[in-house]
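To start, the structure under review is shown below, and the notes come after it.
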Amino acid sequence: MSGNAVPKAVTQVNCRSASNRLLLDQITDKWAVLILTVLCAKPLRFNEIRRCLDGITQKSLTQSLRRLERNGIVARRVIPSSQIAVEYSITPLGRTLEAPFQALYGWMLNHSADVIQAQAAFDEREVE
């Protein structure tokens, strides 16, 4: 296969696969992407993650972490202490998402002005 060739399996989107669509939805959810971004740096406790993510509710964080843990992307570890604490870390499987998410984040930084300009042009058209 040449260096720039896209594997055939990647070019064929299986629209009938509900499990693939569900997994894609779960790992590209806005909170999931942000949670994985902070966990790529180091393992964190629940409240540390929450402080890193402005605007996330306790319920949303709990639900997102459970989905990520169920999918093998995040690991949960109970830390025995006087007060029970839980630490979350990215798994080796989750680590495989780091490069694609960094690429997406880089794209966003490089093209956000273009997107804002396109939105303004679209909104201007809608008024006419």
Side-chain angles (χ1 to χ4, degrees):
M1 175 170 22
S2 69
N4 292 334
V6 176
K8 186 176 180 181
V10 173
T11 62
Q12 297 177 342
V13 177
N14 184 350
C15 296
R16 295 184 181 149
S17 176
S19 63
N20 287 344
R21 288 192 310 269
L22 180 61
L23 178 59
L24 184 62
D25 182 54
Q26 290 177 356
I27 63 172
T28 59
D29 166 83
K30 80 173 177 183
W31 292 124
V33 170
L34 294 172
I35 289 166
L36 291 176
T37 300
V38 300
L39 289 178
C40 278
K42 64 179 183 177
L44 295 170
R45 293 183 181 192
F46 183 91
N47 285 325
E48 291 173 314
I49 299 170
R50 191 169 171 200
R51 283 191 292 274
C52 290
L53 304 177
D54 189 37
I56 194 168
T57 64
Q58 183 170 339
K59 180 180 177 182
S60 291
L61 180 55
T62 299
Q63 290 173 339
S64 292
L65 286 167
R66 283 186 183 158
R67 278 192 303 271
L68 291 168
E69 183 182 8
R70 183 172 185 262
N71 290 323
I73 308 297
V74 165
R76 178 181 184 269
R77 181 175 74 94
V78 176
I79 301 168
S81 62
S82 60
Q83 294 181 342
I84 295 180
V86 177
E87 180 180 77
Y88 294 90
S89 60
I90 194 162
T91 64
L93 179 62
R95 187 68 65 188
T96 65
L97 292 168
E98 187 173 10
F101 284 174
Q102 285 178 344
L104 183 60
Y105 182 73
W107 182 92
M108 187 258 330
L109 290 176
N110 291 327
H111 298 285
S112 61
D114 298 329
V115 171
I116 291 168
Q117 185 179 4
Q119 291 170 341
F122 178 86
D123 293 346
E124 192 68 28
R125 247 190 9 241
E126 289 293 306
V127 174
E128 297 173 358

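Hydrophobic clustering of Ile, Leu, Val, Met, Phe, Trp and Tyr side chains at less than 4.5 Å, counting indirect connections, unites Leu65 with Leu93.
Put simply, CG on Asp29 and OG on Ser64 are 5.0 Å apart, with the number rounded to the nearest 0.5 Å. In this structure, CD1 in Ile35 is found 12.0 Å from CZ in Arg50, a value given to the nearest 0.5 Å. The CG atom of Leu36 lies 13.5 Å from the CH2 atom of Trp31; values are rounded to the nearest 0.5 Å. To the nearest 0.5 Å, atoms OG1 (Thr62) and CZ (Arg67) are separated by 10.5 Å. Here Thr37 contributes atom OG1 and Leu53 contributes atom CG; the two are 8.5 Å apart, rounded to the nearest 0.5 Å.
The neighbour count for Asn110 CG, taken as heavy atoms of other residues, nucleotides or ligands under 6.0 Å away, is above 12. Within a 6.0 Å sphere centred on CD of Gln117, other residues, nucleotides and ligands contribute 12 heavy atoms or fewer.
Evaluation of the salt bridge (Lys or Arg N to Asp or Glu O under 4.0 Å) test over residues 100-118, restricted to residues two or more places apart or in two chains, returns none.
For Glu98, the salt bridge (Lys or Arg N to Asp or Glu O under 4.0 Å) partners are Arg95, not counting sequence neighbours.
Side-chain atoms of Ile56 and Leu34, non-hydrogen and from C-beta on, never get closer than 4.5 Å to each other. Between Phe46 and Val86 the shortest side-chain heavy-atom distance does not fall below 4.5 Å. Looking only at side-chain heavy atoms (C-beta outward), Leu68 and Tyr88 stay at 4.5 Å or farther from each other.
Nearest heavy-atom pair across Cys52 and Val38 is CB-CG1, 3.8 Å. Residues Ile90 and Leu39 share a closest heavy-atom pair of CG2-O, 3.8 Å.
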